[in-house]
Structures are given as C-alpha cells and as structure tokens.
Participant: 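Questions regarding the structure given below will be posed in turn.
In what follows, chains are A, B, ... by sequence order, proteins preceding strands, each numbered from 1.
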Amino acid sequence: MKLIKKDEFLNFVDSLIKIDPRRVIGVKSKGNKFIFDTLNSANELRLDYDVTILPPKKYFLPPTETLLKYDLTDKFSVEAVNEVTPLIIIGVHPYDLIALQQMDIVFRDTYQDHNYIRKREESILIGVNIQNVSPYSFAGSMGTATTEEGFDLMLTDLGDEYAIEIGSEKGEAILNKYAKIADADGDTINKVHDIKGKIASKFKKQLNFPPEELPKLLEENYDNELWEKNAQKCLSCGSCNLVCPTCYCFDVQDIVELNLRRGKRVRTWDGCLLEDFAKVATGENFREDRAARYRHRFMRKGKYLYDRFGFIACVGCGRCASACLPDIADPCKVFNALKEG
Amino acid sequence: MKPKVAFFDFASCEGCQLQVLNLEESIIELIEIVDVVSFREAMKEHSDDYDIAFVEGSIARPMDEERLKKIRSKAKILVALGACACTGGINALRNQYSIEMVKKGVYGDADIENNPYFDVFHTKAVDEVVEVDYYVYGCPVDKDELTKVITSLALGKRPEIPNYPVCVECKKEGNVCVFEEGKFCLGPVTRAGCGARCPSNNNACEGCRGLVDNPNINSELEVLQKYGLTLEDALERFKMFCYREMSK
Amino acid sequence: MSQDKKRNLKIRLEHVTRVEGHGNIVMDVKNGKILSVQWQVSEAPRFFEMMMVGRYYHELSHIASRICGICSIAHALASLKAVENALNVEISNQTMLLRKLAKNAENIQSHILHVGYLVAPDLFGVGSIFPLIKTHKDAVLQIIEIHRLSNELSDLICGRTTHPITMVVGGFTKIPTEKELAKFKSRLYRAKDTIRNIADIVLSNIDKLPNFSRETEYIGLISKDEYALYDGVIGSTDTGEHKIEDYASITQEFVVPHSTAKHARHNRSSYMVGALARFNLNSSKLLPLGQEIADKFDLKAPCFNPFMNNVAQLVEIAHCIEDSIHIIDKLLDTGLKEEEKVEVEAKAGRGIGVVEAPRGLLIHDYTLDNNGKCVKANCVVPTNQNHENIQKDLEAFAPTLLDKSKEEIEHNLEMLVRAYDPCISCSTHYLKVRFV
Amino acid sequence: MSNESIYLPRPATIKNITKFTESESLFELVMDDNRPLNHQPGQFVEVSIMGIGEAPISVSSSPTKKKSFEICVRAVGNVTRAMHRLKIGDKVGIRGPFGKGFDTEFLKGKDILFIAGGLGIAPLRSLINYVLDHRADYGRAIILYGCKAPHELLFREEVISWRKRKDIECHLTVDKVPEGEHWDHNVGVVTTLIPKIDFNPSTTYAVVCGPPIMYRFVIRTLKERGLAEDHIILSLERRMKCGVGKCGHCQINGIYVCQDGPVFNYSEIKDLPEAL
Ligand SMILES: Cc1cc2nc3c(=O)[nH]c(=O)nc-3n(C[C@H](O)[C@H](O)[C@H](O)COP(=O)(O)OP(=O)(O)OC[C@H]3O[C@@H](n4cnc5c(N)ncnc54)[C@H](O)[C@@H]3O)c2cc1C
Ligand code: SF4
Ligand code: SF4
Ligand code: SF4
C-alpha cells in the first residue's frame, strides 16, 4: 500500500491529463448529480460523490457502438470496427468495479466479444472507497461496498492524503511514472482496513437477508402477485435497465448513409422492460405483459444470471431505484417484500 | 431505378419540409438516390408520377381531404411527415372546442358560410383520411431520423422507428432527469427517436412525437401528480401534442 | 410579342411554388384590359389564438414557435418578450446577447434560404436549386455553407434549428460553452468572404430581376443604437416614430374574402415590412460588411423596388454575420456563466412583445390571468402586413407585362410575390380578427 | 482465441434459388472461402444483408451435403424480404453455425417421428436428409407435415420423393383446402395425423418444429399416445440480435435459445413458464 498527499494526488491527475496518452475520465458534478466524464483538470474531480447517473459501463459497452462498416457499391465489402480509446477512469466505486467484473464474464463467455474486451484491456481503473452513501444504495448488504480486486489502483481518503492499494502492474506503472508517493506503514494499513470495514454499515438501506438466498427466493416467488401489482405502474421506460451497471442487452441496426454507398452496423443499449424486446417478426411477443417483463429483470438479477454464471447480478448501487419515476424498480424493496411474503 | 419522391403540405408550419433543406450538403446525395419530382416549397416543377409521397400538415377542410385522397391514389407509399400529419400535432389543440365556437371566435359574424377556404372541420391527422404507410414523428421531424427513413425506403426496408419512450434516449445521454429539477416531463410515455432533445436541453418533453403504442398513461399521470401537478394540469400537458391520443 | 389590344388572358397560378405556404395568383384580361389581378391565400387557417388560450405563460413560446417553421425563433422571442412584459421579468445582459445571436442566426438562415434556394433558380432560369447542383455546384456549396452555419448556430443557442427549446421566460435552460462559441467565431469570419462571393454571383445575374418601382410606406423597428432586429420602437417612412403600445393603430388589419390571411394598411392603402423596409429605415446603422454589399448593388434608401428586397436580404445576411462576431466577442469578454434561474411570479396582466422576424415586424400581445394562463392572444405577423402591398404591387406591375407571353407574365408575377418571401403559414395562423 | 470480431459475417454466394410459394424460397449458398459450414442439423446461421440487417435462419440442408448449404426463408420482415429480392450470384454474409442442433449420435438406432408445421419443415429437413443419408443407422422415420393450404406446401418435389420411398413414411395434411385447389391427403391440423399412425413409444423420439401455438397441442397428443416427455425434441424460435449469447433477446426464463437451443429436449424446458 502507498500513500499520496492530496495536493500531490491532484498533480498526479493533472500529469495524467497532460502527459499520459490515454484519455482521463473522472467523476464530475452535473447539476446536483454526478457523472463520469472527460476530465479537463484535476479540480473537476469529485471523489466524494455518492453515485453517478450512469455507471462506467458506458465506456466499455457504449450506448451506441459501431460493430461493422461496409461498402454497398461492392458485392461484399465488410470490415469489423472496434473503436478503442485507452482510458484511465478515476473514482470508480467498488460496486461498479464488481459490476464490471461480471460484465467481463458475460462478454468472455463462449464467444469472446472483443469490442468489449479490448476496451477493458486497454483501460486503467482507479477506484475509490465510498465516502458518501447514496440514499438509494444498498451495496452494504450485497457485499459490494468494498472490494479487494477489479481495480488497478484503489484510493481511500485519509483526510490529508489518500492510501493507494495497488491492484495491477499497470496501476503501479502509472503511479511510479507520474506520482510522488510514499510507502504506507502498518498503522495506515490498519486504518484503511478499519475504514473499509465500516463502510458497509453506513448504508441505511439493507437487504433483510443474505443475498445468497435470492435465487431460491425468486424461484419460489415466480408467481407472486407482487409482480402484477407493481407492474401496473410500470411505464416500460427501460430506465432501470439502462442505468444498471450489470445490464448489457443490446439491439443491432444497420444505418446507411444518404448516398446509399456506405453504411454501418451499430449496437445500442436495449432493455428487457421495453415492450418490443421479445417481439418477433411474425408479431408474436414472447413477453407481452408488463408484469412478465418487470419480473424478468428481477429474475435475471437474482436468479437467471446466478444459475448461469454464479453471481448475483445486482450490486446494490440503487441507480435503478432512483431512476424509476413510479418507484417500483428498487430491488432492495422488492426482494425484502418477497421475503416478508 | 431511383424512387420518385414528392413532398406535399397541408396545415402546418412547413418546418418539417424545411428539415429536408436542412440536410445541407446531403441534399446533393439525396437527389442522387431519389428523384424529387414535386416539392412546392423548393421547386417549380411538378409531376403527378411519384412512388413515395411525403405529406406534411394536418387536414382541416373538405378541399384538403380531396387533395390528400388524390395524392394517396397516386402514391405507392405514403409517409406522414411530422407531428401535424402523424397525430394532428399542435393543430389538434383547437379540437377541444366545437367548430362553431372556433369559427365564431375567429371570424365573428362574417359571412363565410359558403366560402370553401373557410370551411373547416376538426383537425385530422393524415391517417384519419387516408391510409398511411410510415410515420416520421416529431415537431419538427429529426433530420437523422428523416435520413434513416429515406435511406430505408430507398433500400426497400421498413424504417425502424422506435416504439419505446424518450426516457430510453434520455438515459443514453446521461441526463439528469428533469423531474429532479422541478419540471414535468412526458418522456416516459412519448415515442423516442428525437435523441431526447428537450430533456438534453434541460427542458421537459412535451410529447411532440406522440405516445408510444402502449403508453401507461395512468402511471404517468400519477407520477406528474406525485411531483406536484394537479390532475387537471397533468391532463392539460398532454393536450399540446397528444390531443387525439388522449381523447381516445 | 407586340401588344395585342384584343388580348384575352386567364391566369390561374395555383399554389405558387418556392414560397412558404399556399397562395394563388389570379388574373383576368379581356380585350387587352386587366379586369382583375389578385393575390389569394388559400392556406387552411390554423387558429393559433384558440390554441394559446388557456395555456400557461411558460408554454406560450413553444406554441407560438409552431406558427412558422422558418421563423420559429422570432415567434418564440416575440412571445417571450410579451410574457416578460406582462409579468415584469427582467432578463440579463447575457440572455439578451444570446437571444440577439439566435435572432441573427435565424435571419441569416431565412434569408439565405430565400435568396439561395428560392430566388436563385429564377436568376439562373431554372425551376429549383436541384439542377444548379450540377451546373453551379460551387455557388450552391457556398449557399449551403452559410445555411449550415446559421442552422448550426441556431442549434447551438436554441437546442434545435427549428422550434427552439432552450429559450424560456427569463433566460435559457442551457447555454453554449465558450469553446463552442469561439469555434463559431472563426466560422463566421470565413463566412464574410463567402457572402461576398454569393453577392457577386447574384450581382452578375441582377438583370433577371425586373426593374419595377412603386412608392409605398415602409414600416419596421427602429433603434438609435443599432440596426434594429431584436428591439426598438416602430418606425414608418411616412409617419416617423411610434410607440410599441400603439401597434394596433399602425397595423390596421382587415379581412378580404379571397384570402384566409388578413391584410393590413396604415397611412396609405398598403405598406411593406421586411428586409427592404428595415433597410429603408435603418441603413445608416448597417455594419461595414452590410454597407459593402449594399454598395455593390448601389442599393440606397429609400428604394421602392420590391424586387430589391432580395438584395436587402443579402445585405442583412452580411450585417448579421458581422454583428454575430461582435456579440460573440462581447460574450467571451465577460465570460459565459450558468445564471440563476429567474424566479417568475404568475399574475394577471397584459404584455406586448415585438421583434423583427426575417420577413418583418412581428408583434405578440397577450393577456394573462392570475394563474399566468393566457386569456387573450393577438399576433400581428409580417406577411399579413405585406399581403395588401403585394396586391397593390401586382395591380401596378401587371399592366407593364401585357406585351409578354403568358408564361413570361406568369413567371414575372410569381417572381414579384416571391420577392416578398411571403410566409403563408404565419399569415394564416389566424388570431384575433376585426372585420372592416 | 483469435481477435476476430464475433459479429463479422463471412461472404457467401447464392448458387441457386428455388421458389416454393409467394413468400418462401430455398436459397443454396456457398461460402466464398469454400470452407464447409460444418453444421449440425438443427443449427442456425445469422444471415446478413448489408444495409438491411441480420436474421437467424436454420440451415435446411443436411451436413452430408458438403459443398453448399441451403436455407429456406419466409419473407416477413426487412432481412427476409430483402433476401427474396436477391438473385443468383449475389452475396450475403454468414455467421455461424450457432446453437445446439439435433443430437444425431443419440438418435442412432431410434425411431424418429418428425412433426413439422409450416416453415418448421426447414430445420427438420436438415435432420431428415441426414437420416436418409445414413439410413441404416436409424430406425423408422415417420414424417408428419402440415401446412395451412395445399399451395403453401414447401419442398413439394422432395416431399413427393419422400412419399415414394419405401424406407420412410410421410403423411401430409393441410388446415383447409381453399376453393380451386386440389388435395389428396388429410385435411386438419397436424395433430390430427398423430392418431392415424402407429409407433412404439419406447423406441420413438418425436422431433417437432412449427409455429408457437402448435407445440402445446402436439405435445399433449403425443403424451396421450404414451410418449415420454424426454422423447420429445423441439426447436424453438425467439428474437435474436447476436446469436452468440450476448444481446439477451432470446432468453426463455434463464436459458438462451441461441446457446442452449434452438433444439431442446422437452423435459428440459417443460418447467420453464416462458417456453411454450
Ligand atoms: C433459431 C431460429 C431459426 C430460424 N429459422 C428460420 C428459417 O429457417 N427460415 C425463416 O424464414 N425464418 C427463420 N427464423 C425466423 C427469422 O429469424 C425471422 O423471421 C427473421 O429474424 C425476421 O427478420 P427480418 O429482418 O426479416 O424481420 P425484421 O424486419 O427484423 O422484423 C423483426 C422485428 O421487427 C419488428 N417488426 C417487424 N415487423 C414490424 C411491424 N410491421 N411493425 C412493428 N414492428 C415490426 C418486430 O419487433 C420483430 O421482432 C428463425 C428464427 C430463429 C430464432
Ligand atoms: S424504470 Fe420503473 S417504470 Fe421504467 S421500466 Fe423500469 S420498473 Fe418500469
Ligand atoms: S439492479 Fe439496480 S441496484 Fe442493482 S445493480 Fe442494477 S441498477 Fe444497481
Ligand atoms: S427527463 Fe423525461 S425523458 Fe428523461 S428520464 Fe426524465 S422523465 Fe424520462
């Protein structure tokens, strides 16, 4: 573990911005909210944020991404596209780091999705331990309030300085290259340990049972009337899907230039809550009911992906809860309600 | 063979046709891929031989209805261009009043009874008069979507027009939801395709693209009330662009 | 063709092309004598007054902009000014400058659309801009450059080229960044040369514009500080300065049976508004580039040739380009900042808002109730004010054409109407009507 | 694994087009690199028409046919309609084959009851022809094939040839016979054929493919005839945008049609409420 003075940290970030060839992303404020965005200066960084509007997945699975480009004047001329901008992302919270690790598994499963993987491989994640808790978040009870892996560097605020855990060689390399650091002594290490130990208990919102019970709970409650009851209010707006760090479904479309000569195939974020998500060309919609779509998302989070990959696909960030206008998307509330029966 | 394309306008602000001219340099490409045979706003030539008719504006009089039917009979594909044509748009706002009231309010006691120019009825969307094959929503239409529709039709493809709400595009933009800023947004029930332009500019969505196929109006009304509108004001919001859909 | 004393002629030009909206020219000649020549507007009336009544003050500008797609910014601005006038809302200097920038952008956009896309084909003897793309690609590309620039500037300031989003009562919901504005500055600099080139192209074909003059009254905003577009008092070439509040006595509107648009008159049987009127009233306040273009064409106030309206539009494009550079300089000097949202208190009252739309004087006049809802709206739009002048010009112009072929007569009459750049959607918005 | 994009289609050329009906045609394709597709019967490919889009289509030919492969396409949407505008010599893009097909090893020695409704014959034909090409390896082969009306019969000539063969049984039915059309076979939905045939439930496996509504009725009738649940094999259709388990559209509860299917054993999916 290393130590860096706060003003040195700002210098470090500014050097990254000025010297490092990678683009530097950090958490900035937008209105009363926070976003990940390109940093123009270290002063814009807000490491005290609670949660960002969108998770960092937008850099690895962009809202719209070109997969192919082609030339229609030729009989068949198609080229794969993979626009990779190497990034350094500063200020990722542990739950988002864990979410990215889940996405890694999905995009590496069976067929390697290099559009995602390359972007991940080319980037550096500098995490930060949570200082302010979002009122919607329940990461404390999802086991995602802290993490020991998934980052290249991890910051903990110690007042005048940050403690830095090193998670990878890449992380260590930029630190050595751009930062003035000192080694942390045993006391500091204990202090960081202490701080991390206490984060989980700062969350007011708690799941009333261990998340490991979720798959079984959901299986037993497939026909619970709560789905129907809540879904009556569902706008099918997909906001809960789109802001979620572990949702990755996408749509694919061909877009042709007005000259009809060149075109591209793009993928864009999609969401299982949207009405036409499971509709096929013959008109059949395999998840026509709002309630079926509403339930599907929770089943995915707590059971389906668990069965497939072995993780609970909700990291408790609470973004969906804050994005849902009728206030029905909150997994914590829904899971607790199911548990209570 | 290049498809022959014609543009027609009825009661409207002509802002949607203007978006065709707003394609700027791409107009050069446009006329390479289609033959524009009629476009009164921009050209003198006119031909009645066309494959695709873009119709802007809503229908307000029997004489307009006749003209529209003639257009339909000649066109292989008819595309409603813009809110006025697709849903009646802002013109339908006056449908809340009776024809007598509107006429009286505007023309007073003047003798206009037998003048066909003044013979108006409740504003109709194009598909209330003739069959419409495709819709390009928006007030005004979005240039990129218009391009998509034109290229799709030229390639013989059904244009993919979203049937999901504006929130989807708003989230992709990473906006702060305008409800959080004390504004009242119709995005959750309004058809996307505009790139969430209004929320991205910190304004509430006014529903200019009309509603999605299966909107959850009741929930949206509850949300609007939860954030502080009266039910009456919440309903009024919809009238601006979704009068027809709300009166169903 | 020599003049035929026995000539009979029926002209029915339905839906004049390359103008905004539906209008017809009808002329009957019997035994070489004009029995009638008429400018008719057949566009369906749209009843905006009924649409505004009952709506909250903050919605009015968004409804108003839908009166016209080409001058939606002007309608929005007149509407906002009327509301701010009614509710005593002050706007900041930054807001004012941004609005003026938007106004300039729209003026450029509308004028270049007219001169470049709608009139230029006449100068080159073709039916539309499309064939010019092949024969005069360079010229077309320069026209498009100006068009794109103005549209993108509108987009930047207003959030959209057509039907502005960001302009609201008291300010803006979103402002551009300094970086974005600075980028435009360099583009505007380049545009100065482009507009010079375009002016030269028009100049070399100026003989295609008929030489016809008829003395009339010109009305528009005037200001002692600047070439009035966003603000000012009402000026007339006949009667001088008038207060905004007196607009009704100046724009005396009336209805004619052959038209769904209102007509207007003031001191004489008709008057003209628009670029030529503004030029005649404000030419001394032109910025150098505008003056340079005017000099090219030897355009001097007062000019009574309605066809020179097209040239006055070119002059204004040049003026607005230069003015926009100045505005951006001012904004960058003080620095752009997110301003506190202006608190607006709904209350009863009446307010009038005026601006110069591209086609001329535009007035919105609203009465609000205690809740800030509109109970009465009146809009006086430019094209309405021009209809009667078009009619009077037709009456004077048509007799000079009788020795021409039918096609030529039609072409000339159409050109006259087109010179006014009539905006028929605007004029059939149909607000409050008084019959005379 | 290579760094090649899993979304990049490879070119294939249309060698032949056989028009079956107004909206259904068979396309014979050859991969431009001449590599055989190496598919299993029941697998699908993603067919691209650049500028239009991509659609999952079952391979309809048997893998025993090596030089080319066939797909039978019904024009219902953008890609499938555009497909019908293509001519011999035109190119399409191909990704795949994807998914889990029929287990030809497992079925060896078994009696197979093929039940196809409409376009469902397309994936089944791959297996039928495979079985015919390895006839000695399999037991009885019974084909029940139904469509809406006589003129909608697909693979007409091949079906006639099946009917002529002594080593397979082939029964046809149509929902109804419109006026002016001729039909010598059964009239009624495909389930009405099941009681008319005789099979040994313990050695027989039913392989079923057809429109969504068909499955429930066919399964019920088969069970009535004593067929065990795990003797029923189905091929299912869902919306797909990638074919490789990423896009999420084809999920049936927790399973992915593109990865775990499209061929399923009924016993695996019968408890999935969203499956049928
Ligand atoms: C494993 C598998 C195997 C298949 N095998 C075959 C086969 O062998 N042969 C075959 O012909 N088909 C087959 N299909 C079906 C085929 O994939 C679909 O018919 C095809 O994807 C349609 O694509 P498209 O581009 O033509 O339609 P699209 O235009 O893409 O239509 C598809 C989607 O667009 C939407 N849509 C379509 N029409 C409308 C409309 N009018 N209004 C609004 N929305 C609309 C729907 O949401 C629909 O989901 C198979 C499918 C699967 C999953
Ligand atoms: S955010 Fe809420 S309303 Fe929107 S789709 Fe999700 S659950 Fe439904
Ligand atoms: S489901 Fe909601 S709380 Fe869970 S990870 Fe996704 S957005 Fe966060
Ligand atoms: S601002 Fe409007 S469109 Fe955007 S998320 Fe909120 S409700 Fe939806």
Side-chain angles (χ1 to χ4, degrees), chain A residues 67-68 70-72 74-82 106-118 222-223 241 247-256 260 262-263 265 267 270-272 276-287 292 296 299-300 303-308, chain D residues 1-13 32 46 48-55 74-81 89-93 95 98 119 211-213 236-260 273-275:
Chain A
L67 297 176
L68 305 174
Y70 43 82
D71 183 343
L72 292 176
D74 244 9
K75 271 222 143 171
F76 193 88
S77 159
V78 189
E79 200 182 307
V81 177
N82 194 357
V106 171
F107 283 99
R108 286 179 189 279
D109 178 55
T110 317
Y111 293 94
Q112 310 274 302
D113 185 315
H114 295 287
N115 287 69
Y116 172 89
I117 295 168
R118 282 275 321 283
Y222 189 83
D223 293 315
N241 291 129
C247 271
Y248 54 80
C249 294
F250 57 83
D251 187 24
V252 177
Q253 287 192 8
D254 276 38
I255 296 173
V256 175
L260 300 188
R262 285 173 301 274
R265 184 164 291 170
R267 70 166 158 203
D270 206 337
C272 59
D276 293 349
F277 186 78
K279 191 172 162 191
V280 294
T282 45
E284 186 95 18
N285 189 344
F286 290 101
R287 233 173 270 114
H296 185 70
M299 297 302 286
R300 263 182 80 99
K303 173 165 167 55
Y304 298 159
L305 290 190
Y306 179 83
D307 289 350
R308 200 171 188 85
Chain D
M1 241 207 155
S2 83
N3 261 1
E4 192 162 283
S5 166
I6 51 174
Y7 303 108
L8 181 68
R10 294 183 290 146
T13 304
D32 283 8
E46 285 281 352
S48 271
I49 300 181
M50 303 327 289
I52 308 286
E54 205 176 33
R74 171 183 287 172
V76 289
N78 281 336
V79 175
T80 47
R81 286 208 183 96
D90 285 346
K91 291 189 191 298
V92 296
R95 290 193 298 131
F98 294 129
L119 191 58
I213 43 158
L236 298 181
E237 185 196 338
R238 282 299 182 275
R239 180 162 185 171
M240 279 180 198
K241 281 295 182 181
C242 73
V244 289
K246 312 292 183 213
C247 80
H249 284 91
C250 70
Q251 239 186 334
I252 296 176
N253 297 103
I255 59 162
Y256 285 83
V257 174
C258 70
Q259 300 282 91
D260 310 319
E274 291 182 343

Participant: Please classify the contact between Tyr70(A) and chain D as side chain, backbone, both or neither, with a heavy-atom cut-off of under 4.5 Å.
Facilitator: side chain
Participant: Just by distance, with hydrogens left out, do Ser5(D) and Asn82(A) show a side-chain donor and acceptor under 3.5 Å apart?
Facilitator: no
Participant: What's the verdict on salt bridge (Lys or Arg N to Asp or Glu O under 4.0 Å) for Lys279(A) and Glu284(A), showing C-alpha distance, side-chain angles and the deciding distance?
Facilitator: CA-CA 6 Å; Lys279(A) 191 172 162 191; Glu284(A) 186 95 18; over 6 Å; no
Participant: Where on Ser48(D) is there a heavy atom nearer than 4.5 Å to chain A: the side chain, the backbone, both, or neither?
Facilitator: both
Participant: Between Arg287(A), Met299(A), Lys303(A), which residue shows the highest count of heavy-atom pairs closer than 4.5 Å to chain D?
Facilitator: Arg287(A)
Participant: Return the minimal non-hydrogen interatomic distance between Ile49(D) and Val79(D), and the atom names on each side.
Facilitator: CD1-O, 3.7 Å
Participant: Heavy-atom distances under 4.5 Å only: say whether Ile117(A) touches chain D with side chain, backbone, both or neither.
Facilitator: neither
Participant: Given that the side chain runs from C-beta out, which part of Asp251(A) has a heavy atom under 4.5 Å from chain D: side chain, backbone, both or neither?
Facilitator: both
Participant: Hey, would you say the Tyr248(A) and Tyr116(A) ring centroids sit under 6.0 Å apart?
Facilitator: no
Participant: Between Asn78(D), Ile52(D), Ile255(D), which residue shows the highest count of heavy-atom pairs closer than 4.5 Å to chain A?
Facilitator: Ile52(D)
Participant: Please state whether the side chain, the backbone, both or neither of Asp90(D) comes within less than 4.5 Å of a heavy atom of chain A.
Facilitator: both
Participant: Tell me, out of Gly77(D), Pro273(D), Gly93(D), Gly245(D), who's got the most heavy-atom pairs with chain A below 4.5 Å.
Facilitator: Pro273(D)
Participant: Heavy-atom distance under 4.5 Å to chain D: side chain of Glu79(A), backbone, both or neither?
Facilitator: backbone
Participant: For the candidates Val76(D), Val92(D), Asn253(D), which exhibits the highest count of non-hydrogen atom pairs separated by less than 4.5 Å from chain A?
Facilitator: Asn253(D)
Participant: Which distance, rounded to the nearest 0.5 Å, do you find between the CZ of Arg265(A) and the CD of Glu54(D)?
Facilitator: 4.5 Å
Participant: Any idea which heavy atoms bring Cys242(D) and Cys247(D) closest together, and the distance?
Facilitator: SG-N, 3.2 Å
Participant: Check each atom of Tyr306(A) against the heavy atoms of chain D and say whether the ones under 4.5 Å are side chain, backbone, both or neither.
Facilitator: neither
Participant: Highest number of heavy-atom pairs under 4.5 Å with chain A: which of Met50(D), Lys91(D), Lys241(D)?
Facilitator: Met50(D)
Participant: What option among Gly89(D), Gly53(D), Gly254(D), Gly51(D) has the most heavy-atom pairs under 4.5 Å with chain A?
Facilitator: Gly51(D)
Participant: Do the non-hydrogen side-chain atoms of Val244(D) and Thr110(A) ever get within less than 4.5 Å of each other?
Facilitator: no
Participant: Walk me through whether Tyr111(A) and Phe98(D) qualify under ring-ring contact (aromatic ring centres under 6.0 Å, His included).
Facilitator: CA-CA 11 Å; Tyr111(A) 293 94; Phe98(D) 294 129; 5.5 Å; yes
Participant: Let me know if Arg10(D) has heavy atoms under 4.5 Å from chain A in its side chain, its backbone, both or neither.
Facilitator: backbone
Participant: Does any heavy atom of chain A fall under 4.5 Å from the side chain of Pro11(D), the backbone, both, or neither of them?
Facilitator: both
Participant: Give, as side chain, backbone, both or neither, the part of Val78(A) having an atom under 4.5 angstrom from any heavy atom of chain D.
Facilitator: both
Participant: Give, as side chain, backbone, both or neither, the part of Cys250(D) having an atom under 4.5 angstrom from any heavy atom of chain A.
Facilitator: neither
Participant: Could you tell me which portion of Pro9(D) (side chain, backbone, both or neither) has an atom closer than 4.5 angstrom to a non-hydrogen atom of chain A?
Facilitator: both
Participant: Are Val257(D) and Ile252(D) close enough that some pair of their side-chain heavy atoms sits under 4.5 Å apart?
Facilitator: yes
Participant: Between Arg238(D) and Gln251(D), does any side-chain donor sit less than 3.5 Å from a side-chain acceptor?
Facilitator: no
Participant: Given that the side chain runs from C-beta out, which part of Asp74(A) has a heavy atom under 4.5 Å from chain D: side chain, backbone, both or neither?
Facilitator: neither
Participant: Heavy-atom pairs under 4.5 Å with chain D - which of Gly263(A), Ala281(A), Ala80(A) has more of them than the others?
Facilitator: Ala80(A)
Participant: Report the option among Ala55(D), Gly248(D), Pro211(D) that has the most heavy-atom pairs separated by less than 4.5 Å from atoms of chain A.
Facilitator: Gly248(D)
Participant: Measure distances from Phe250(A) to the heavy atoms of chain D and classify the residue's part below 4.5 Å as side chain, backbone, both or neither.
Facilitator: both
Participant: Would you please indicate if the ring centroids of His296(A) and Tyr304(A) are separated by under 6.0 Å?
Facilitator: yes
Participant: How long is the gap from OH on Tyr256(D) to CE on Met240(D), to the nearest 0.5 Å?
Facilitator: 12.0 Å
Participant: Begin with the C-alpha distance, continue with both residues' side-chain angles, and end with the deciding distance and a verdict on salt bridge (Lys or Arg N to Asp or Glu O under 4.0 Å) for Arg267(A) and Asp113(A).
Facilitator: CA-CA 13 Å; Arg267(A) 70 166 158 203; Asp113(A) 185 315; 3.0 Å; yes
Participant: Given a strict heavy-atom distance threshold of 4.5 Å, which part of Asp109(A) is in contact with chain D: side chain, backbone, both, or neither?
Facilitator: both
Participant: Can a side-chain donor-acceptor contact be found between Asp270(A) and His249(D) if the only test is distance below 3.5 angstrom?
Facilitator: yes
Participant: So which part of Arg262(A) gets closer than 4.5 Å to some heavy atom of chain D, the side chain, the backbone, both or neither?
Facilitator: neither
